[in-house]
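Here is the structure we will look at, set down as structure tokens.
In the text below, chain A, chain B and the rest are named by the order of the sequence lines, each starting its count at 1.
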There are 4 protein chains.
Amino acid sequence: MARKEVPSLVKDEKLIQKRRGEMVKAAVNLFKENGFHRTTTREIAKASGFSIGTLYEYIRSKEDILYLVCDSIYEGVREKLNEQIGMTEGSIDHVKKAIAVYFNVVDEMQDEVLVMYQEVKSLSREALPYVLKKELEMTEIFEELIKQTVEQGELDLCEEEVKLLAHNILVHGQMWTFRRWSLRKEYSLEEYTKMQTHLLLNGVKNKSFT
Amino acid sequence: MARKEVPSLVKDEKLIQKRRGEMVKAAVNLFKENGFHRTTTREIAKASGFSIGTLYEYIRSKEDILYLVCDSIYEGVREKLNEQIGMTEGSIDHVKKAIAVYFNVVDEMQDEVLVMYQEVKSLSREALPYVLKKELEMTEIFEELIKQTVEQGELDLCEEEVKLLAHNILVHGQMWTFRRWSLRKEYSLEEYTKMQTHLLLNGVKNKSFT
Amino acid sequence: MARKEVPSLVKDEKLIQKRRGEMVKAAVNLFKENGFHRTTTREIAKASGFSIGTLYEYIRSKEDILYLVCDSIYEGVREKLNEQIGMTEGSIDHVKKAIAVYFNVVDEMQDEVLVMYQEVKSLSREALPYVLKKELEMTEIFEELIKQTVEQGELDLCEEEVKLLAHNILVHGQMWTFRRWSLRKEYSLEEYTKMQTHLLLNGVKNKSFT
Amino acid sequence: MARKEVPSLVKDEKLIQKRRGEMVKAAVNLFKENGFHRTTTREIAKASGFSIGTLYEYIRSKEDILYLVCDSIYEGVREKLNEQIGMTEGSIDHVKKAIAVYFNVVDEMQDEVLVMYQEVKSLSREALPYVLKKELEMTEIFEELIKQTVEQGELDLCEEEVKLLAHNILVHGQMWTFRRWSLRKEYSLEEYTKMQTHLLLNGVKNKSFT
DNA sequence: CATGAATGAGGATTCATTCAT
DNA sequence: GATGAATGAATCCTCATTCAT
């Protein structure tokens with residue numbers, strides 16, 4: 001299950017990439033503002049700078065745009081992540097750094113991430129798996145990192161806990177976007193990162209009671 | 001900002017409660033299947049067992065239904081929570097029990113909870129605050145419980161960490177619904193609860209490295 | 001073609017008159033504001049002070065209300081007219097006085113007259129003739145008066161001109177309502193009456209050119 | 001307050017004019033028959049020969065059609081008027097001819113004129129002033145003509161009377177449409193024109209009594 | 001007589017998509 | 001390849017009227 005191919009009437013592959021890039025950019029902004037369902041294809045065409053007819057030269061349906069948007073956002077996040085996390089042997093410091101990098105990326109792309117978090121479910125049963133797959137791959141990045149750290153003996157977790165911790169990290173990142181109405185009032189990104197990292201890794205129990 | 005009142009053309013308050021209950025029930029099932037936007041008012045009317053005209057005797061707009069759905073789900077969750085968590089002095093065991101109860105409730109109402117978290121964003125700017133308020137109130141239940149546990153000296157957390165931990169608990173409950181496509185394959189609810197509780201409270205660091 | 005009977009489910013004739021009076025009064029106010037089509041039967045019932053069910057005890061359809069309204073307005077105008085114009089032998093002074101009285105009545109009932117002028121056409125083909133009949137009867141009042149004045153030798157008009165002059169008087173009265181957006185800026189009722197009377201009776205030609 | 005612009009989704013201005021012309025023509029016929037409120041947008045679309053979707057490419061709302069209808073009728077009347085009345089110096093003969101021309105135009109367009117006077121009131125508070133403005137402009141055509149005739153010394157009227165006479169001429173033209181149920185039985189257009197002109201200009205007083 | 005809940009046909013409007021130019 | 005006019009199914013909502021209580 002590799003990336004799902006979205007067919008186009010246009011042959012020139014370069015042009016397809018370029019036009020789709022413009023479409024996606026425009027669409028994200030509109031989805032951000034009004035959501036997928038309340039955004040019309042006409043609006044997307046207009047904001048992309050070409051006609052509705054042209055829009056349909058590069059996609060088959062409105063849903064294709066949503067798919068491309070989701071796909072593009074995942075690629076964006078992963079790319080930024082890869083740029084900054086060297087995949088070396090695991091250590092607690094590596095994990096901490098990876099979390100910080102990831103939270104930073106989410107913060108930079110918060111609108112995009114929020115759009116995706118809120119709109120994936122509008123994908124058809126056919127397209128959804130492709131996107132969930134990407135989400136899983138992202139989880140696996142952290143899973144791998146944690147697993148290595150466990151193997152280095154720096155963390156004490158069984159296999160299931162490794163998976164779950166990876167999930168938690170991912171979700172804590174998304175949480176920064178979908179609960180921002182509350183979290184932003186309380187914490188800066190730095191504070192949030194620091195505290196979540198602490199809670200994730202150190203837990204909360206008062207030592208005297210352990 | 002108490003509960004937002006949804007006006008009705010019908011005068012009999014009892015009847016309003018009854019009919020709206022039926023509407024909400026039908027709507028949840030439909031939203032679950034197709035989402036808010038893809039569900040038509042006629043479908044809701046039909047599934048509720050009355051005519052479209054009658055539907056509009058009890059609400060003003062389709063969005064009212066969504067609001068009522070969200071409201072009803074929050075009340076459902078909170079009610080079940082209150083039934084089972086006595087608000088006594090805080091202790092780690094209390095917190096653990098509260099988490100377990102909450103996760104159980106979320107699991108029982110997973111369809112409803114999922115619908116709500118996926119569709120709140122479709123509420124108008126006017127109605128949204130009322131629902132977010134409810135979410136905050138739920139967070140505060142846990143916040144209070146944790147704060148008391150800290151005061152009892154059983155947990156070692158600053159005020160901001162208390163808040164954040166409460167958020168995390170809430171989100172981990174939701175996570176059980178919105179990431180169920182992945183989590184269900186790996187864990188049963190019991191396992192999930194046990195492991196999340198452990199990670200939340202004990203952290204992950206290998207003691208020898210602390 | 002006497003007055004059209006509007007059937008009612010209620011037997012008590014007194015009550016019918018009373019209730020219908022309330023209905024008509026409420027309806028006129030609403031029609032004045034929003035027109036016949038934009039006014040709902042519910043609004044009329046509410047403004048009349050009884051339930052929608054009760055409304056339909058006294059009329060068969062929404063159009064019945066419009067008919068009653070038109071009928072009532074004509075009766076109102078005619079009654080006031082009869083009160084003040086003794087039907088004696090004709091004379092120019094009588095005609096002048098009658099015009100003044102009529103314009104006064106129209107001014108007092110301007111909202112009602114305007115409503116009628118604007119909404120009669122919404123009556124069904126069945127009801128319309130009854131109302132036009134009333135209009136004609138009003139015209140005939142003036143026609144008769146003018147005819148007598150001609151017979152007295154005070155006016156020099158053929159039979160067709162008599163009819164037309166009567167029409168003109170009627171219309172100049174209605175005109176005070178349906179062109180009030182313009183006329184009111186220019187003239188007071190007294191000025192309007194004086195000038196119209198002058199134009200109607202004396203014409204405009206410069207004598208030196210006659 | 002120039003002509004109110006009605007926006008269209010279509011860009012080709014020529015096409016807009018053409019299509020709107022077709023729409024207006026169809027709409028007038030339907031309004032004539034059933035009135036504005038009883039005519040559906042679907043009927044208008046069908047009678048215009050295009051789909052409901054296409055209709056809404058050229059207007060924003062049903063009310064826009066009514067506005068276009070009114071606007072178009074005014075333009076029609078004015079155009080025909082301008083074709084036939086050379087705006088030269090005023091004289092009684094000019095005024096008489098203008099009245100005859102105007103009554104003729106009204107007669108030719110009687111359905112349109114009737115529709116307009118019966119339906120303007122359905123225009124929104126926003127659009128109404130634009131249409132009343134046009135009515136005023138028409139009045140001013142006659143006002144100007146009469147004023148010049150007064151200046152030529154052929155008529156003996158003060159300024160207010162000039163205005164009012166212009167109003168009267170306009171209204172007598174309309175009267176030929178909205179009272180045709182009665183007038184047509186009595187007079188041909190020629191008779192009506194001749195008699196109204198006579199009454200308007202010469203008055204009715206028996207000279208021996210003046 | 002009075003009430004008001006229930007009904008559902010009907011109506012305005014939107015919008016994804018197509019296709020001739 | 002690009003354009004944008006045309007389409008019509010789909011959708012939300014209204015409101016006159018009925019009828020059981």
Side-chain angles (χ1 to χ4, degrees), chain A residues 8-12 15-16 19 37-46 49-65, chain B residues 8-12 15-16 19 37-46 49-65, chain C residues 8-12 15-16 19 37-46 49-65, chain D residues 8-12 15-16 19 37-46 49-65:
Chain A
S8 165
L9 294 176
V10 176
K11 301 293 162 205
D12 183 339
L15 199 51
I16 294 179
R19 291 274 192 268
H37 282 104
R38 284 205 258 258
T39 300
T40 69
T41 51
R42 270 174 148 117
E43 285 168 344
I44 297 171
K46 189 169 184 189
F50 31 78
S51 72
I52 184 68
T54 302
L55 189 81
Y56 275 87
E57 297 275 312
Y58 293 92
I59 50 144
R60 290 163 311 171
S61 69
K62 190 183 173 190
E63 206 211 295
D64 276 352
I65 303 177
Chain B
S8 165
L9 294 177
V10 174
K11 295 178 176 178
D12 184 336
L15 197 53
I16 294 178
R19 290 278 186 266
H37 282 104
R38 283 205 258 263
T39 301
T40 70
T41 51
R42 278 186 144 88
E43 283 168 344
I44 298 171
K46 192 168 185 187
F50 29 74
S51 71
I52 184 68
T54 302
L55 188 80
Y56 277 90
E57 293 272 305
Y58 293 91
I59 51 141
R60 292 164 307 174
S61 67
K62 191 183 173 190
E63 205 212 295
D64 275 351
I65 302 177
Chain C
S8 164
L9 295 175
V10 176
K11 301 294 160 204
D12 184 339
L15 199 51
I16 294 179
R19 291 274 191 270
H37 282 105
R38 284 205 258 260
T39 301
T40 69
T41 51
R42 269 172 149 120
E43 283 168 344
I44 297 171
K46 190 169 183 190
F50 31 77
S51 72
I52 183 68
T54 303
L55 189 81
Y56 275 87
E57 297 274 313
Y58 294 92
I59 50 145
R60 290 164 309 170
S61 69
K62 190 185 174 189
E63 206 213 293
D64 276 352
I65 303 177
Chain D
S8 166
L9 293 177
V10 174
K11 296 178 176 178
D12 184 337
L15 197 54
I16 294 178
R19 291 278 186 265
H37 281 105
R38 282 205 258 264
T39 301
T40 69
T41 51
R42 280 184 144 90
E43 284 167 344
I44 298 171
K46 193 168 184 186
F50 30 74
S51 71
I52 184 66
T54 301
L55 189 80
Y56 276 90
E57 293 272 306
Y58 292 91
I59 49 139
R60 290 164 308 173
S61 67
K62 192 183 173 189
E63 206 211 295
D64 275 351
I65 302 177

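Projected onto DNA chain E by closest heavy-atom contact, A:S61 and B:G49 fall at different nucleotides, the more 5' of which corresponds to B:G49. With DNA chain F read from its 5' end, the first of the two nearest nucleotides for A:S51 and B:G53 is the one closest to A:S51. Along DNA chain E, the nucleotide closest to D:E57 and the one closest to C:E57 are compared, and the more 5′ of them pairs with C:E57.
Using a 4.0 Å heavy-atom distance criterion, A:L9 is classed as making no nucleic acid contact. Within 4.0 Å (heavy atoms only), C:S8 reaches no atom of the nucleic acid at all.
Per the geometry, NE2 belonging to A:H37 stands 12 Å off P belonging to F:dC12, to the nearest Å. Taking atom CZ of C:R60 as the reference point, atom C1' of F:dT18 lies 16 Å away to the nearest angstrom. Counting to the nearest Å, the P atom of F:dA16 and the CD1 atom of C:I44 are 8 Å from each other. If you take CD1 of D:I16 and P of F:dA5, they are 8 Å apart, rounded to a whole angstrom. Atom CD1 of C:I59 is separated from atom C1' of F:dT17 by 10 Å (rounded to the nearest Å). Spacing between atom CD of D:E43 and atom C1' of E:dA12 amounts to 13 Å, rounded to whole angstrom units. For the pair B:R42 CZ and E:dG10 C1', the interatomic distance rounds to 9 Å; values are reported in whole Å. Taking atom OH of residue B:Y58 and atom C1' of nucleotide E:dG4, one finds them 10 Å apart after rounding to whole Å.
In this structure, the nucleotide among E:dA5, F:dA5, E:dC1 sitting nearest to the side chain of C:I52 is E:dA5. If you check F:dC12, E:dA2, E:dT7 against the side chain of C:V10, the one that comes closest is E:dA2.
An OP1 or OP2 oxygen of F:dA2 is reached within less than 4.0 angstrom by no side-chain nitrogen or oxygen of A:T54. The phosphate of F:dT11 (OP1 or OP2) has no side-chain N or O of B:T40 nearer than 4.0 angstrom. Within the structure, a side-chain polar atom (N or O) of B:T41 is placed less than 4.0 Å from OP1 or OP2 of F:dC12. OP1 or OP2 of E:dA2 has at least one side-chain nitrogen or oxygen of C:R19 nearer than 4.0 Å. Phosphate contact (OP1/OP2 of E:dG8, side-chain N/O of B:Y56, threshold under 4.0 Å): absent.
Here CG of B:L9 is found 10.5 Å from CZ of B:R60. Values are rounded to the nearest 0.5 Å. B:I16 contributes atom CD1, which lies 12.5 Å from atom CD1 of B:I59 (distance to the nearest 0.5 angstrom). Distance CD1/B:I65 to CD1/B:I44: 3.5 Å, rounded to 0.5 Å. The CZ atom of A:R42 sits 12.0 Å away from the CG atom of A:L55 when rounded to the nearest 0.5 Å.
Using cut-offs of 30° and 60° for the angle between ring planes, the C:Y58 and C:F50 rings count as tilted.
Pair assignment for F:dT7 gives E:dA16, based on Watson-Crick or G-U wobble hydrogen-bonding distances that are each under 3.5 Å.
Looking at C:S8, its side chain does come within 3.5 Å of a backbone N or O of C:E57 through a donor-acceptor pair.
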